[in-house]
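Encoded as structure tokens, the structure appears first; notes follow it.
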Amino acid sequence: MFEKEQQQIEDQIRKICEAHNYPVKSLTWSWIPFSGNWGISTSFFQVAADDARSRGQKINVGLHAQEIAQMTADSLELPEGFERAEAVRGYLNLYFTTRIYSQRVIDTVLEEKDNFGRGQRNGERVMVEFSQPNTHKAFHVGHLRNVILGNAVGNILDFAGNDVIRANYLGDIGLHVIKWLWCYLKYHNGEKPEGDITRWMGDIYAEASRRHEEEPEAENEIRELFARWDRKDPEIVELWRVTRQWSLDGFDQIYKTLNVRFDKIYFESDVEDSGKEIVKELIAKGIAVDERPENAVVVKLDELCGTKDKYRSLVVLRSDGTSLYATKDLSLAIRKFEEFHLTRSIYVIDVRQTLYLQQIFKTLELMGYSWAKNCYHLAYEIVNLPGNVTMSSRDGTVVFLQDLIDEAKSRALAIVQEKNPSLTDAEKAEISEKVALGALKYSMLSRDNAKIVTFDWEAALDFNGQAAPYIQYAAVRANSILRKSENGLPDQTVLSYELTPVEVELIDLISRVPREIQRSAAECKPLFISNLAFDLAQAFNNFYHQCPVLQAEPPVRDYRLRLAAAARQTMINCLALLGIDSPEIM
RNA sequence: GCCCCCAUGGCUCAAUGGAUAGAGCACCGGUCUUCUAAACCGAUGGUUGCAGGUUCGAGUCCUGCUGGGGGCGCCA
């Protein structure tokens, strides 16, 4: 929020240093640690070390950096809004005039409201593909991380200034679907799903897997069904169409519950034929080798790239001519760029597919698509069960998403009941839903993408400590103060008292939000936002505890009311980026 | 065999190459007549897996090692 002033000072520092023959390569700005003092900081160690090297002298870099910092502090002309410059152990700390900047921060938040922290449009069009569930299968907790992460990254990229297209890619064909259809026709023909559709679909899939292994005749029957599918037997195609829709309706229920939406839906069945055409092209161009009928159609990437054991080989078509995941993914990638003229294409897919995606991107590059380098695999680690057991719908080692959500809601409801028994049932239901989903989402987003999540009922349902309910509660407390303010929110006020350290810290944190959003977008890490949201809530709780608002003298009261409103807005904005709703009361 | 990821208090995790490595759980002890105690305060707890290296400066970057997980031609 202080970029202009920062740039102005940076220019000055360069001039001052260069006048003394200290070339400045780059300056990095950071926050001053230790709350109570508010401002920005940079250091001169690099400048000092460079200087020593250029003169071939061995000196104490720390001391020299301090000299330069001191010299800079002495000759710097501070712009308005800065109170003092201080050289400390090689650092140059520039302290804000709290009166001016705290007001700027609070006014900006209250003026921009939901848009506080939003970046300038940068003209980049980014597709984020996420979720990618298979139809005719269950949706379990292992799938949750992908949806929550993809959704948050989509929100954050959009807010940071990109034009975001949220895409979903549904696995609506393949052996798993045929197996499902087989089981349905044989044991459930005519039945229709009720209630939790996805659960119902998943149960039949699990049953199909079990029967496939138990029943000797299953293999042949399934193969026969696959053949009917391949020759587009109208009865089978129709059944596929109808049952697929059930899955889609079920997914819609889930996405609605999670409050996730998509701009574009792709189906595997849509890119199968075009994928086969691309394989022909690959063969014609000499990129893929057709080894049929003995072997498959393969892109020997290491041979083509002159690498060894780096890209390995990518099989793009089965020896019997049927398509593979890769067949379709090549086609899909091209379609995305042609349809939307993307700047970037992000794939939110778990880390186990890293090599595979590198192969896809490399193959596209070999085909001559210059945009291939703008494809990015956003890899995240999977969610395991305790004991490092990976969830598998086949083995039945899954925690159903709906079960988790239901359990979370009922626990949240019990707590609302206890804390706030006078609320109406509708209010309690709304609060427990927001709290429960918030907690689940936050637990997925508050750890690094590269870290494995071990699912544990108690941990997933822990509403205490660093968790969404803590942040939601802080926002609710702010709300509560504002609601009780008789004259509503005061207009712009001038600071007429000495801010306490907790107030300064809170304002400081609020001011960091726009920059953290940019950083979070640049690295596709919602974690930065979830950390900051928690820090904000913690700072707000300190403020709440130490600084009376409604009881304070009018000038203090008015200022604090606006600060509380700004803090509330900022926390709500951060949670919204994570896909988490904030209740009004709880 | 080759490649990728992870390793930080008892547990789960943070930490733009930068100032004294921070939280949360758990445990112990305090705070409600005062804007909602889903909160706050205090105490305990660290040679950042090991060994080198780069750097003025390394939890962070590089190399090697150990331990754990994952991936490597017809699954998705």
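When reading the values below, keep in mind they use all heavy atoms of this one structure, side chains included, and skip hydrogens, waters and symmetry mates.
Contacts classified as ring-ring contact (aromatic ring centres under 6.0 Å, His included) and involving residues 295-326 of chain A (residues at least two apart or in different chains) are given here: Y325(A)-Y356(A).
When heavy atoms are screened at a 4.0 angstrom cut-off, V351(A) is found touching no nucleic acid atom at all. Counting non-hydrogen atoms under 4.0 angstrom, V416(A) reaches a base of the nucleic acid. If you check every strand for non-hydrogen atoms under 4.0 Å, E523(A) touches nothing. Within the nucleic acid shown, V297(A) has no heavy atom closer than 4.0 Å to any nucleic acid atom. Residue contacts shown for N542(A) are limited to sugar-phosphate atoms, with no base heavy atom under 4.0 Å away. Residue contacts for T354(A): at a heavy-atom cut-off of 4.0 Å it reaches no nucleic acid atom on any strand shown. No contact: T322(A) has no heavy atom under 4.0 Å from any strand. Within 4.0 Å of Q472(A), counting heavy atoms only, lies no atom of the nucleic acid at all. Note on N93(A): a base of the nucleic acid sits closer than 4.0 angstrom, heavy atoms only. Counting non-hydrogen atoms under 4.0 angstrom, A48(A) reaches nothing in the nucleic acid. Base contact: L550(A) has a heavy atom under 4.0 Å from a base atom.
Evaluation of atom-type donor-acceptor distances gives no pair under 3.5 Å for the side chain of T28(A) against the base of rU16(B). Remark: the D320(A) side chain and the rC74(B) base include no donor-acceptor N/O pair separated by less than 3.5 Å. For a distance-only test at 3.5 Å, the side chain of E291(A) qualifies as a donor-acceptor partner of the base of rG73(B).
Between the side chains of D558(A) and T493(A), no donor-acceptor pair of N or O atoms lies under 3.5 Å. Residues N384(A) and T454(A) have side chains that never bring a donor and an acceptor to within less than 3.5 angstrom of each other. For the residue pair K434(A)/Q472(A), the side-chain donor-acceptor check at 3.5 Å is not satisfied. A donor atom on one side chain and an acceptor atom on the other are found under 3.5 Å apart for Y497(A) and E503(A). When only modelled atom types and interatomic distance are considered, N541(A) and R477(A) share a side-chain donor-acceptor pair under 3.5 Å.
Between rG30(B) and rG70(B), the two C1' atoms lie 48 Å apart (nearest whole Å). Spacing between rG68(B) and rU47(B) at atom C1', rounded to whole Å, works out to 23 Å. Separating the P atom of rC32(B) from that of rA14(B) is a span of 37 Å, rounded to the nearest Å. Comparing the C1' positions of rC4(B) and rU44(B) gives a spacing of 39 Å, expressed to the nearest Å. Spacing between rU12(B) and rG49(B) at atom P, rounded to whole Å, works out to 14 Å. If you take atom P in rC13(B) and the same atom in rU8(B), they sit 9 Å apart, rounded to whole Å. Taking atom P in both rC2(B) and rG64(B), the straight-line distance is 11 Å, to the nearest Å.
Side-chain nitrogen and oxygen atoms of K419(A) include at least one within less than 4.0 Å of the OP1 or OP2 phosphate oxygen of rA38(B). Remark: R312(A) is not in phosphate contact with rG71(B), judged by side-chain N or O atoms under 4.0 Å from OP1 or OP2. Considering only side-chain N and O atoms, R292(A) lies nowhere under 4.0 angstrom from the phosphate OP1 or OP2 of rG73(B). The phosphate of rA37(B) (OP1 or OP2) has a side-chain N or O of Y544(A) nearer than 4.0 angstrom. In this structure, N541(A) does not reach the rA39(B) phosphate: none of its side-chain N or O atoms is under 4.0 Å from OP1 or OP2. Taking only side-chain nitrogens and oxygens, R477(A) comes nearer than 4.0 Å to OP1 or OP2 of rA37(B). OP1 and OP2 of rA76(B) both lie 4.0 Å or more from every side-chain N or O belonging to Y325(A). OP1 or OP2 of rC40(B) lies within a sub-4.0 Å distance of a side-chain N or O belonging to Y470(A).
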Atom pairs under 3.5 Å, N or O on each side, protein against nucleotides 12-15 of chain B: can you list them with distances?
residue : atom : partner : partner atom : Å
rC13(B) : OP1  : R447(A) : NH1          : 2.6
rC13(B) : O5'  : R447(A) : NH1          : 3.1
rA14(B) : OP1  : D448(A) : N            : 2.6
rA14(B) : OP2  : K451(A) : NZ           : 2.4
rA14(B) : O2'  : N531(A) : ND2          : 2.9

Write down the protein N/O and nucleotide N/O pairs, taken from nucleotides 42-45 of chain B, whose separation is under 3.5 Å; answer none if there are no such pairs.
none

Under 3.5 Å, which N/O atoms of the protein pair with N/O atoms of nucleotides 54-59 of chain B?
residue : atom : partner : partner atom : Å
rC56(B) : OP1  : R53(A)  : NH2          : 2.5
rC56(B) : N4   : Q46(A)  : OE1          : 2.9

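Classification of the F540(A)-Y544(A) ring pair by plane angle, with boundaries at 30° and 60°, yields tilted. Taking the six-membered ring where the residue is Trp, Y205(A) and H176(A) present perpendicular rings, their angle passing 60° and hence far from 30°. In this pair, F455(A) and W457(A) present their aromatic rings perpendicular. The plane angle is above 60°, beyond the 30 to 60° band.
Under the rule for a side-chain contact (heavy atoms from CB on, under 4.5 Å), the partners of E458(A) that lie at least two apart in sequence or sit in another chain are R411(A), D456(A).
Residue whose closest nucleotide on RNA chain B sits further toward the 5' end, between R483(A) and V88(A): V88(A). Sequence order on RNA chain B of the closest nucleotides to S30(A) and N295(A) puts S30(A) first from the 5' end.
Between D320(A) and R318(A), none of the side-chain N atoms (NZ, or NE/NH1/NH2) sits under 4.0 Å from a carboxylate O, so this pair counts as no salt bridge. Ion pair K525(A)/D448(A) flagged as a salt bridge, since at least one NZ, NE, NH1 or NH2 atom sits closer than 4.0 Å to an Asp/Glu carboxylate oxygen. Between E430(A) and K428(A) there is no salt bridge, since none of the side-chain N atoms of the basic residue sits less than 4.0 Å from a carboxylate O of the acidic one.
Here rG24(B) presents its C1' atom at 10 Å from CG of N464(A), a figure rounded to the nearest Å. Distance, I360(A) CD1 to rC72(B) P: 14 Å, rounded to whole Å.
Closest approach of A69(A) and Y91(A) over heavy atoms only: CB-O, 3.8 Å.
Under a cutoff of 6.0 Å and an axis angle of 45°, R244(A) and W180(A) do not form a cation-pi pair.
Remark: R223(A) CZ is loosely packed, at most 12 non-hydrogen atoms of other residues, nucleotides or ligands lying under 6.0 Å away.
Secondary structure note: stems in RNA chain B built from 3 or more consecutive Watson-Crick or G-U wobble pairs under 3.5 Å occupy B:1-7 with B:66-72, B:10-13 with B:22-25, B:28-31 with B:39-42, B:49-53 with B:61-65.
Glycosidic conformation at rC5(B) (O4'-C1'-N9-C4 for purines, O4'-C1'-N1-C2 for pyrimidines): anti, more than 90° from 0.
The aromatic ring of Y91(A) is stacked on the base of rA19(B), with the two ring centres less than 5.5 Å apart and the planes inclined by under 30°.
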